[in-house]
Protein chains: 2
Amino acid sequence: MATKYSRQREMILNNLCSRTDHPTADELYIDLKEELPNLSLGTLYRNLAMLSENGTILKFHCGTADRFDGNNNLHYHLICEKCNRLYDLEHAPLTELDNMFASGYKGKINSHLLVFYGLCEYCNCSV
Amino acid sequence: MATKYSRQREMILNNLCSRTDHPTADELYIDLKEELPNLSLGTLYRNLAMLSENGTILKFHCGTADRFDGNNNLHYHLICEKCNRLYDLEHAPLTELDNMFASGYKGKINSHLLVFYGLCEYCNCSV
DNA sequence: ATCAATAACGATAATCGTTACTGTTATTAT
DNA sequence: ATAATAACAGTAACGATTATCGTTATTGAT
C-alpha cells in the first residue's frame, strides 16, 4: 500500500501546477507527451485520481469531461457556458459558508464547492 | 422547432416532481417503466436534457452519473461522501452571491452552484 | 375530418471519458 | 544484490450518454 515515487507522477503534477488553464485529462496528455512520449493515458488518469483523492489537486466536472486545477487553495471558478472553459475568480474564500450551513444540520459538512455559470470575459465581448 | 406535447415528457416530469430523492436517469427509468412499459432510455435522456435546458428541472453531476431535481427553486445540496446520495439543505438562497462576484468581473455571471460535501445525517450517525 | 409537415418516439448502434486487466519495469527496504 | 511490490505501458472493457433511423403522434391548414 505504501506509495512509491514515480517520475511520471512528478511530471504530471509539475505540468499541471505550472499552468492556470485547468486542463482536461486529454489536454494534459497532449502536452505531457512531448516530455514523456511513452506516457500511457491510464497512467495519467491513475495519477490524477491519486492526486485529487489526497487533496494535492482539485477535480471538477465541466461539460462532458473533468478538469483539473493544480492550485488547491480555496478559491472559486466560473464555467463559461459558451466555451466550456474553467476560469479562476478573484475573490476571498467564504470560509464562513460551511459553518452557516452546518448550524442546525444533523449531518457533517466538510467543504463546499461554489461554481458560477455565465460568460468568460472573452466570450462576453464577442457575443 | 416548435415543441410538441408528448405524454412521455409529461409523465417523466410528473414522476420527477413527485419525489425528493434526486434520482439518476436510470433510477427514474426503472420507476417509469411501471407506468410506461415501452419507454425508451433515449427518450428519457432526450426529455431530461430538454427540461433541464429550459430550466424546468435541475441537473447535477455526482459521482459517475447525473442526478435530477424537479424543484428548480434556488436551494442548496449536500453530497454525502459515504453513500454518494444528494440531499436538499434547508437554507435561504444566497441571491447576493452572483452580484458579489460580478462586481469587477469583466465577464457575465448568470447563476451559481453551491454544493456542500460531508456526511448525510444517516451516514454521520452510523460512523 | 383529412392531410401534410414534422416533433417525438422506440430500438439500437455508436461515442467517448474513464477504469480495469495483464505482463513488464522501477522503486524501496532488507 | 535480491525479493517484494508499486507503478508502468498497452490495450480491452465499461457505462453513461448521445446519435441514428424508420415509425408514430401531434398540430395546424385545408
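Quick note on labels: first sequence line is chain A, next is B, and so on, each numbered from 1.
Here A:Y76 contributes atom OH and A:D88 contributes atom CG; the two are 12.5 Å apart, rounded to the nearest 0.5 Å.
Atom pair B:N47:CG and D:dT17:P shows a separation of 15 Å (rounding to whole Å applied).
Ion pair A:E27/A:R67 flagged as a salt bridge, since at least one NZ, NE, NH1 or NH2 atom sits closer than 4.0 Å to an Asp/Glu carboxylate oxygen.
For A:D69 (side chain) and A:I57 (main-chain N/O), no donor-acceptor pair under 3.5 Å exists by modelled atom type. Side chain of A:N72 to main chain of A:L58: no donor-acceptor pair is present (N/O by atom type, distance under 3.5 Å, no hydrogens or angles). No donor-acceptor pair closer than 3.5 Å links the side chain of A:T43 to the backbone N or O of A:L39.
Between B:R46 and D:dT18 there is no side-chain N or O to OP1 or OP2 distance below 4.0 Å. Within the structure, every side-chain polar atom (N or O) of A:Y45 is placed at least 4.0 Å from both OP1 and OP2 of C:dT19.
With contacts defined as side-chain heavy-atom distances shorter than 4.5 Å, the pair A:L13/A:R9 does not qualify. Under the 4.5 Å side-chain criterion, counting only non-hydrogen atoms from C-beta, A:H91 is in contact with B:M100. A:D98 has its side chain out of reach of A:N110: every pair of non-hydrogen atoms, C-beta onward, lies at least 4.5 Å apart.
Remark: B:K4, B:Y5 in residues 4-42 of chain B come within less than 4.0 Å of DNA chain D through at least one heavy atom. Near DNA chain D, meaning a heavy atom under 4.0 Å away, there are no residues from residues 48-67 of chain A.
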Test side chain to side chain contact (heavy atoms under 4.5 Å, CB included) applied to B:R19 and B:N15, step by step: CA-CA 7 Å; B:R19 49 201 289 181; B:N15 189 302; 3.3 Å; yes

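Within the helix from C:dA1-D:dT30 to C:dT30-D:dA1, the inter-axis angle between the opening and closing five-pair segments is 40°, rounded to 10°.
No chain of hydrophobic side-chain contacts below 4.5 Å, direct or via other Ile, Leu, Val, Met, Phe, Trp or Tyr residues, connects A:V115 to B:L89.
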